[in-house]
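Heads up: numbering here begins at 1 and tracks the sequence.
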Amino acid sequence: MFTFTPTISKRLITTVGLCATLSAIPLSAALAQTDAYPSRPIHLVVPFPPGGGTDLIGRAVAMQLANDTGWTVVVDNKGGAGGTIGVDAAAKAKPDGYTLVLGQTSNLAIGPWLYKSLPYNPKTDLTPIGLVSVSPIAMATGANTPYKTFADVVNASKEKPGSITLGFSGNGTVAHLSGTSIEKTSGIELTHIPYKGASQAMTDLIGGGIDLYMSSIPTLLNQIRAGQLRAIAVTSPERAPELPDTPSLSESGYKDFDLQSWWGILAPAGVPADVVETVNKALNQALQNPELIEKLQASGGQVLGGTPEQFQTYLDQEIERWGTLVKESGVTMQ
């Protein structure tokens with residue numbers, strides 16, 4: 001557990017929402033509208049252990065919220081089962097606005113289709129507050145392989161289907177499902193090599209034990225910059241700022257290909273609407289801070305923001321889209 005308390009005085013919100021234009025309301029006015037909410041610390045559940053990508057995002061957002069508003073925001077790491085344990089704990093918490101959760105693609109959009117008995121329903125047990133960021137998956141290869149571009153992979157695979165190996169961390173993950181979608185879209189067949197984590201996979205990739213690896217950009221970036229790995233594609237519609245020389249699959253000929261990890265803040269279902277509004281306004285303000293934007297971009301992310309309604313629509317669409325990919329992959333978990 002880690003507590004963030006304000007280091008600067010409260011600021012007024014002058015604009016909110018990076019995806020939508022909202023009315024400018026001072027934070028003090030928003031607090032008055034919710035009977036002085038919050039009057040005690042807010043707990044932000046991060047459903048993964050400390051030190052990972054989701055944890056870094058959660059802590060960065062919590063710190064900025066505390067600095068902007070004067071709130072005390074406590075980060076609670078509740079990892080396990082792909083993030084579903086932490087999300088379930090938040091979904092079952094009292095809906096008073098003092099327990100929030102940083103959910104993401106795997107436990108909100110993939111989990112309902114992957115797990116046979118998920119203990120919560122993202123559509124009915126949680127209230128979306130606001131999207132935080134979105135980040136693409138990158139396909140990388142060792143520096144000494146013959147694959148300079150994704151077209152090289154396609155040509156080689158079509159000559160000898162199944163001859164190229166594709167590694168990823170865990171079955172049913174964003175990286176795994178992105179890989180299977182790439183195969184289907186490009187009409188190729190790769191041999192899948194699932195890993196329990198990135199460490200062994202990176203060793204094998206650099207050493208030539210596997211041909212390709214799908215992962216988040218931060219996992220690959222240091223080795224790419226050191227010349228040990230070569231990124232050949234990203235799954236976002238446009239090139240990632242951290243990999244400006246790496247084409248997107250969309251510009252490589254697979255129009256509109258777009259599969260990415262995303263993060264957003266939610267509350268238990270039944271939380272008062274005025275609390276949702278207050279937290280949403282504070283979140284949108286935080287997401288305009290240059291330091292927070294820089295931190296999110298350093299992890300390969302693009303800042304989002306927007307209204308709770310936009311998040312709900314996006315979540316509904318993502319659940320259906322990833323459901324199709326899970327069904328096509330045939331992967332299920334207990």
Side-chain angles (χ1 to χ4, degrees), residues 1-7 38 40-69 71-93 98-111 119-120 126 129-135 137 168-170 172-175 195-203 215-223 242 260-268 279 282-283 286-287 289 291-301 303-304:
M1 183 181 296
F2 198 93
T3 302
F4 291 100
T5 53
T7 59
R40 62 179 190 271
I42 297 172
H43 288 253
L44 176 63
V45 175
V46 172
F48 290 94
T54 298
D55 178 62
L56 295 176
I57 292 171
R59 290 175 187 276
V61 171
M63 181 178 292
Q64 194 58 52
L65 283 172
N67 288 344
D68 282 353
T69 64
W71 303 345
T72 297
V73 183
V74 181
V75 173
D76 286 341
N77 293 93
K78 297 181 184 294
T84 61
I85 291 176
V87 175
D88 183 49
K92 290 179 169 57
Y98 290 97
T99 299
L100 307 175
V101 63
L102 182 65
Q104 42 92 270
T105 316
S106 64
N107 46 57
L108 295 178
I110 296 175
Y120 57 88
L126 293 162
I129 291 179
L131 283 161
V132 174
S133 65
V134 62
S135 179
I137 300 297
F168 45 82
S169 295
T173 59
V174 174
Y195 287 84
K196 291 183 179 180
S199 178
Q200 185 59 50
M202 295 293 285
T203 298
S215 185
S216 63
I217 291 176
T219 300
L220 303 166
L221 197 56
N222 286 340
Q223 286 78 9
E242 294 298 310
Q260 304 187 71
S261 291
W262 47 263
W263 293 263
I265 291 180
L266 306 92
V279 178
L283 175 62
L287 291 173
N289 181 273
E291 291 184 6
L292 180 57
I293 291 172
E294 183 177 352
K295 289 178 182 178
L296 295 176
Q297 288 179 341
S299 66
V303 174
L304 293 178

Quiz item: Are the side chain of N107 and the backbone N or O of G103 linked by a donor-acceptor pair below 3.5 Å?
Solution: no

About how many Å separate [atom2] of [Y] and [atom1] of [X], when rounded to the nearest 0.5 Å?
X	Y	atom1	atom2	result
L292	I57	CG	CD1	9.5 Å
K78	H43	NZ	NE2	9.0 Å
I265	Q104	CD1	CD	13.0 Å
S106	F48	OG	CZ	4.0 Å
L102	D55	CG	CG	9.5 Å
R40	T72	CZ	OG1	12.5 Å

[X] versus [Y], closest heavy-atom pair with distance:
X	Y	result
P41	V74	CB-CG2, 4.0 Å
P268	T99	CD-O, 3.2 Å
P47	G86	CB-CA, 3.9 Å
A267	L100	CB-CD2, 3.8 Å
V75	A62	CG2-CB, 3.7 Å
I137	S261	CD1-OG, 4.1 Å

[X] vs [Y] side-chain heavy atoms within contact, under 4.5 Å:
X	Y	value
V174	Q260	no
N67	N289	no
L44	L65	no
P119	K92	yes
V132	L296	yes
L304	L287	no
N77	R59	yes

Quiz item: Residues two or more places apart in sequence or in another chain: which of them pass side-chain contact (heavy atoms from CB on, under 4.5 Å) with S216?
Solution: P218, T219

